[in-house]
Amino acid sequence: MKPKIWLSSPHMGGTELSFIKEAFDSNWVAPLGPNVNGFEIDLQTYLKQDCQVAALASGTSALHLSLILLGVGVGDEVICQSKTFSASANPIVYQGATPVFVDSEKDTWNLCPEQLEVAIKDRISKGIKPKAIIAVHLYGMPYNVNAINQIGLKYEIPIIEDSAESLGSKYYDKNCGTFGDFSILSFNGNKIITTSGGGALVTKTLKDKEKAVFLATQARDNAPHYLHSHIGYNYRMSNIVAGIGRGQMRVLDSHVEKRRSNYAFYQNALNQNGYISFLEEPEHYFSNRWLSCILLKNKEMREGLRLALEKENIESRPLWKPMHQQPVFKDAPRYLNGVSDDLFDRGLCLPSGSNLTDIELDRVLTVISTYFNV
Ligand SMILES: *Cc1c(COP(=O)(O)O)cnc(C)c1O
């Protein structure tokens with residue numbers, strides 16, 4: 001059996017261990033310490049905009065805290081892009097609220113502004129104004145920030161920007177992760193940079209960051225004994241994990257470059273194939289190309305190619321199955337236009353890691369070319 005080629009695997013830069021060693025040497029083996037603060041500053045500096053970063057245990061915990069900070073509770077509704085990973089939607093349910101799923105637009109595969117407005121008007125007419133909108137930059141492609149923000153402003157509904165897959169992506173030269181009222185990042189094992197597991201909440205004000213950190217560290221009030229006037233969570237990032245993050249920040253830009261070059265490789269090689277199409281960057285959009293995604297002519301072809309790759313020990317994966325198709329969300333309200341269903345049927349993510357070698361890319365290409373007999 002040929003060696004496995006993964007969809008997207010961890011890729012260390014080389015300096016991560018020295019930050020971890022420093023943490024061991026100074027005994028900062030805790031959910032606080034110099035690496036946590038250092039990683040937060042590194043992220044703030046990278047994002048450039050006036051923002052505050054709280055390093056947390058995961059992107060999911062960051063989403064959960066943003067819903068809490070926005071006051072989402074039992075009986076509320078929150079709009080969520082249907083085409084996404086389940087972690088975007090689950091925290092809505094943690095709060096006892098109901099997700100309302102909205103379909104995608106063809107140009108970005110992300111939240112469709114038209115459907116979004118249809119959904120908001122309809123929910124309002126039914127007597128429940130949505131408490132927040134969760135928009136996702138899927139696979140690193142920015143959503144239509146201007147249109148979505150305008151709708152948020154018009155109806156006075158805050159935006160939670162799920163930037164878990166889009167660190168390093170830009171929209172009109174501004175970094176993804178800075179567009180929402182709250183934004184979240186993820187450093188899970190398969191993301192563009194990883195801390196093994198981890199995430200961050202990006203806030204507009206220091207006060208919001210402090211509230212998030214307070215809730216993430218068991219909501220301990222200021223007293224010598226343990227005093228609590230809020231329900232707290234154990235959501236802070238550890239100083240060891242943050243050490244990995246500091247090392248990874250040094251290679252983030254080179255990871256973006258390599259992922260984009262993977263995408264360019266596939267596109268150049270397969271553009272003329274006739275069965276395969278790609279999602280181009282609209283003008284002023286810059287995608288980190290976290291995963292290289294292709295669309296086939298139909299579902300049978302997608303599945304055939306996936307199995308052909310699997311036979312050669314190459315991992316590939318259909319695009320995210322939309323949340324409105326998930327059994328767990330079968331009762332959730334939905335506003336659909338067919339786009340995310342079609343993408344799910346025909347889309348495939350190809351191996352996309354920043355550590356892929358030329359030989360591995362050629363192996364992937366050979367299987368695809370053989371499959372199509374070209
Ligand atoms: C990975 C991911 C998350 C969750 O992040 P974790 O750090 O794994 O909790 C949320 N949303 C999207 C779109 C993701 O891809």
Side-chain angles (χ1 to χ4, degrees), residues 10-66 68-69 87 91 161-164 166-168 175-178 180 182-222 226 228 230 232-253 255:
H11 182 197
M12 291 299 111
T15 59
E16 291 83 1
L17 268 178
S18 64
F19 287 109
I20 294 179
K21 184 164 184 308
E22 214 174 283
F24 270 73
D25 290 347
S26 54
N27 205 28
W28 278 110
V29 185
L32 78 168
N35 280 337
V36 176
N37 302 336
F39 186 37
E40 288 177 344
I41 289 167
D42 287 350
L43 284 163
Q44 258 163 244
T45 309
Y46 185 87
L47 292 173
K48 288 195 189 81
Q49 301 307 309
D50 196 12
C51 63
Q52 297 286 326
V53 175
L56 299 171
S58 63
T60 310
S61 56
L63 280 160
H64 190 193
L65 289 180
S66 50
I68 295 169
L69 291 174
E161 178 192 15
D162 182 340
S163 221
S166 65
L167 186 57
N175 281 291
C176 289
T178 62
F182 292 98
S183 305
I184 74 102
L185 304 171
S186 168
F187 316 111
N188 209 339
N190 63 355
K191 299 286 155 71
I192 193 143
I193 61 166
T194 181
T195 58
S196 70
L201 178 65
V202 185
T203 67
K204 294 272 181 269
T205 65
L206 183 59
K207 205 167 150 226
D208 276 341
K209 175 191 167 167
E210 284 169 347
K211 275 192 222 163
V213 170
F214 169 77
L215 291 171
T217 50
Q218 307 288 19
R220 289 195 293 261
D221 292 334
N222 198 6
Y226 275 29
H228 302 281
H230 290 85
Y233 302 86
N234 185 1
Y235 278 174
R236 194 69 161 133
M237 179 178 277
S238 96
N239 196 51
I240 302 296
V241 156
I244 308 176
R246 289 181 85 181
Q248 288 272 282
M249 284 308 286
R250 299 181 171 201
V251 291
L252 170 54
D253 280 334
H255 283 196

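Side-chain atoms are counted along with the backbone in the values below, which use heavy atoms only and exclude waters and symmetry mates.
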Pairing donors with acceptors under 3.5 angstrom, does anything connect the side chains of T15 and S18?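 Note: T15 and S18 side chains miss the donor-acceptor criterion.
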
Euclidean distance, [Y] [atom2] relative to [X] [atom1], rounded to 0.5 Å:
{"X": "H230", "Y": "I68", "atom1": "NE2", "atom2": "CD1", "answer": "10.5 Å"}
{"X": "F187", "Y": "M249", "atom1": "CZ", "atom2": "CE", "answer": "7.5 Å"}
{"X": "C51", "Y": "D208", "atom1": "SG", "atom2": "CG", "answer": "12.5 Å"}
{"X": "Q44", "Y": "D50", "atom1": "CD", "atom2": "CG", "answer": "9.0 Å"}

Hey, is CG on D25 packed in by over 12 heavy atoms from elsewhere, all under 6.0 Å?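 Enclosed: over 12 neighbouring heavy atoms sit under 6.0 Å from CG of D25.
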
Flag if over 12 foreign heavy atoms under 6.0 Å of NE2, H228: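 Enclosed.
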
Is there side-chain contact between [X] and [Y], with at least one heavy-atom pair below 4.5 Å?
{"X": "T217", "Y": "L32", "result": "no"}
{"X": "E16", "Y": "R246", "result": "no"}
{"X": "I192", "Y": "L252", "result": "yes"}
{"X": "D253", "Y": "Y46", "result": "yes"}
{"X": "L167", "Y": "L47", "result": "yes"}
{"X": "I193", "Y": "H255", "result": "yes"}
{"X": "I20", "Y": "F24", "result": "yes"}
{"X": "F182", "Y": "L63", "result": "no"}

Can you name the nearest heavy-atom pair linking [X] to [Y], along with the distance?
{"X": "W28", "Y": "I240", "result": "O-CD1, 4.3 Å"}
{"X": "A212", "Y": "L65", "result": "O-CD1, 3.8 Å"}
{"X": "N234", "Y": "Q218", "result": "CB-NE2, 3.5 Å"}
{"X": "T194", "Y": "M12", "result": "CG2-CE, 3.7 Å"}
{"X": "I244", "Y": "S196", "result": "CD1-OG, 4.4 Å"}
{"X": "G177", "Y": "V202", "result": "O-CG1, 3.4 Å"}

Please determine if E161 and K204 form a salt bridge, counting it only when a charged side-chain N lies under 4.0 Å from a carboxylate O.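 Salt bridge flag = no for K204 with E161.
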
Q52 side chain to T203 main-chain N or O, any donor-acceptor pair under 3.5 Å?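 The answer is no, because no donor-acceptor pair under 3.5 Å joins these two groups.
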
Within the distance-only criterion (no hydrogens, no angle test), does the side chain of R220 pair as donor or acceptor with the backbone N or O of F214 below 3.5 angstrom?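 No: the side chain of R220 does not pair with the backbone of F214.
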
Single hit among V29, N35, N37 for side-chain contact (heavy atoms from CB on, under 4.5 Å) with N239: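 When V29, N35, N37 are each tested with N239, the side-chain contact (heavy atoms from CB on, under 4.5 Å) holds only for N35.
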
With side chain to side chain contact (heavy atoms under 4.5 Å, CB included) as the test, would you mind laying out the steps for F39 and T195 before giving the verdict? CA-CA 11 Å; F39 186 37; T195 58; 4.2 Å; yes

If you apply the rule side chain to side chain contact (heavy atoms under 4.5 Å, CB included), what do you find for S183 with T178, and how did you get there? CA-CA 6 Å; S183 305; T178 62; 5.7 Å; no

Worked check of side chain to side chain contact (heavy atoms under 4.5 Å, CB included) between H11 and V251: CA-CA 9 Å; H11 182 197; V251 291; over 6 Å; no

According to the interplanar angle, ranging from 0 to 90°, do the rings of Y233 and Y235 count as parallel (below 30°), tilted (30 to 60°) or perpendicular (above 60°)?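 Correct class here is parallel.
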
Between K48 and N175, does a side chain to side chain contact (heavy atoms under 4.5 Å, CB included) hold up when you go through it step by step? CA-CA 8 Å; K48 288 195 189 81; N175 281 291; 4.2 Å; yes

